[in-house]
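The structure appears below as structure tokens.
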Amino acid sequence: IAQTGTGKTAAFALPILHRILENRVRVQPKSCRVLVLSPTRELSGQILDSFRTYGRYMRLQTSLVIGGVPMGRQVRDLMNGLDVLRESGRDPGAGGVGHIRRYPPRGRARVHRRAAGGRRGRHRPFPVAGAELAVHGPRRRRPDSMSGFAPGGSAWLIAICVSRVGSYMVYIAYAATLPVLQREWHLSGTAAGSIASAFQVAYALSLMGCSTLADRVGARRVFLVGTVTSAVGAAAFATYARDYWSGLWLYTLLGLAQGSTYTTGILLVAENVPVERRGRAMGAYLAGHSLGLALALMLAGVAIPRGGYVLAFWLLALGAIVGGVVAWIAVRSTANVITSRAADQRFVGEVLRNRPAMLLIAGYTFHSWELLGMWAWTPAFLAACFVAAGAELSRGAGLGAYMTSLFHLTGMVAAFLAGVFADRFGRTPIILIMAAVSAACSLVFGWLIGTSLALIVGVGLLYGIGALGDSPI
């Protein structure tokens, strides 16, 4: 008999992980891709640790099913879908999956296995392909394939993108109306900048906090709550923001709500769309953001001359409300995936000491610095250009919003095409091209005030392509 440490677990675990990596499809809810049986809970735990160690960077969904412990977490893991499931076949606590089958909590869960080859030894761990989990009970949900929004499908992705269009419209409400707000709210340059800065700080903190929360409670749950909260926050901002202090506090709270939907939406797309289509899916997701900003600026350009900033605020808040409804319809049948974390995984080791990850984070930080700055000041900059050319302030603000919306439309097209090109030609060359174009435009654009409006708009359109084109990559 082979001794401990000679590689028995690796002998069957590594080929399994290689097969999973080669066929990296989305794990269906209520199913597992690999079932491994072992005679004792101690051995089951050791095998689980080995799978997590070998597949450390594969984002595996794994779980250990044993008897003698509360079954709630085990049932939740099975409901979400798993890459690898361990069961202790001879555990004295009634035996994991079999125990759940015989004594389902509240009559909800039973496990059915399809035959998948014979055993190779009485006590040897072996993989069984195709274990399925069926759900029984009075509140049975229709299978995803029978609904209009199968997770990862085209209709599902379109609905997610449409929800982002509506939800993101309110993101630029303050920037789109800033020239008018400075006059109506008697804002100095410092006061005007402090509102935008407070929103961005709250947004950044929310991105970090809600991403961490999604690891613990699932991206779907955080995404839905954040989308609904954004709709409520948008309505409150449109109703009560009437001076500097009310605008500062309400816009900051809106930033906290908005941040909870961005990275969680990306996680939903990554969890449900196969890797071979993920580039274009991410491009479509981010193109939805750009389209939302473009529509918001167009609506603001129409509303400001007719009803002032109040009408503009309300039109954009309606977008967030519609986006919340569409998001709920889209993801109501999507599994809430909670990824298990290995015992030795820590933030410091996995992120702060991971040089490639830190370089990527640093690059994205400076990309966001440029992009969010562009979004914040471009409407006011173009309004100043039109006023310098002889337009009245309200008309200049409306024209500035219109022109900025064109920049976001070109960014929307660039985000989608960049995702497609990245799938075909690789991510590195595409991101380098987009970053070079964006850097060149950012150095030139601000100095163009007072020059030809056609030149300003032309450079701005190119700027929109470069600044948004690397986002989905």
Side-chain angles (χ1 to χ4, degrees), residues 161 164-165 167-176 178 193 195-208 211 251 254-255 258-263 265-266 269 279 282-297 359-382 400-401 403-419 421-422 427 430-446 448 456-457 459-473:
C161 294
R164 301 311 298 149
V165 171
S167 298
Y168 227 59
M169 287 173 64
V170 74
Y171 180 97
I172 207 165
Y174 177 75
L178 180 57
I195 295 178
S197 298
F199 175 88
Q200 296 298 345
V201 170
Y203 187 78
L205 292 175
S206 180
L207 289 176
M208 282 290 296
S211 298
Y251 203 49
L254 184 57
Q258 287 268 292
S260 64
T261 64
Y262 177 63
T263 52
I266 290 176
V269 173
M282 289 295 182
Y285 178 83
L286 295 174
H289 289 176
S290 297
L291 181 58
L293 297 175
L295 288 177
L297 290 163
L359 289 174
L360 182 62
I361 291 171
Y364 191 76
T365 299
F366 288 107
H367 160 75
S368 298
W369 187 348
E370 174 195 21
L371 181 63
L372 298 180
M374 175 196 176
W375 287 353
W377 66 265
T378 298
F381 172 75
L382 290 181
M403 290 297 103
T404 306
S405 70
L406 294 180
F407 299 174
H408 287 287
L409 287 176
T410 59
M412 175 193 71
V413 176
F416 179 75
L417 291 180
F421 291 152
R427 288 167 170 77
I430 301 301
I431 199 170
L432 288 176
I433 292 171
M434 293 298 179
V437 171
S438 179
C441 292
S442 66
L443 291 173
V444 173
F445 192 50
L448 297 180
I456 294 172
V457 172
V459 174
L461 292 173
L462 187 60
Y463 197 6
I465 293 174
L468 267 296
D470 57 355
S471 292
I473 306 173

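Count residues from 1 along the sequence.
- In terms of modelled atom types and a separation under 3.5 Å, the side chain of Thr261 and the main chain of Gln258 share a donor-acceptor contact.
- Relative orientation of the Tyr174 and Tyr251 rings is tilted, given thresholds of 30° and 60° on the angle between their planes.
- Remark: the backbone N or O of Ser260 is paired with a side-chain donor or acceptor of Ser206 at under 3.5 angstrom.
- No donor-acceptor contact under 3.5 angstrom links the side chains of Thr378 and Thr404, judged on distance only.
- Here the CG atom belonging to Leu462 is positioned 10.5 Å from the CZ atom belonging to Phe407, to the nearest 0.5 angstrom.
- When all heavy atoms of Met403 and Leu382 are compared, the closest pair comes out as CB-CD1, 3.6 Å.
- When each of Leu406, Leu409, Ile172 is checked for a side chain to side chain contact (heavy atoms under 4.5 Å, CB included) with Leu297, only Ile172 meets the rule.
- We find the OH-CG distance between Tyr203 and Leu205 to be 12.5 Å, quoted to the nearest 0.5 Å.
- The nearest pair of heavy atoms linking Ile430 to Phe421 is CD1-CB, 3.8 Å.
- Ala439 approaches Ser442 most closely through the heavy-atom pair O-OG, 2.8 Å.
- The shortest heavy-atom contact between Leu291 and Val165 is CD2-CG2, 3.9 Å.
- The shortest side-chain heavy-atom distance between Tyr463 and Glu370 falls under the 4.5 Å cut-off.
- Rounded to the nearest 0.5 Å, atoms CD1 (Ile433) and OG (Ser438) are 13.5 Å apart.
- Taking the six-membered ring where tryptophan is involved, the planes of Phe445 and Trp377 are tilted, since the angle between them lies from 30° to 60°.
- What you find for Ser211 and Leu207 is that their closest heavy atoms are OG-O, 2.6 Å.
- Side chains of Met169 and Leu293 form no contact here, defined as non-hydrogen atoms less than 4.5 Å apart.
- Heavy atoms only, all atoms of each residue included: Val437 and Gly466 are closest at CG1-CA, 4.1 Å.
- Side-chain contact between Ile465 and Leu461: absent, with no pair of heavy atoms (C-beta onward) separated by less than 4.5 Å.
- Tyr262 has its ring centre less than 6.0 Å from the ring centre of His289.
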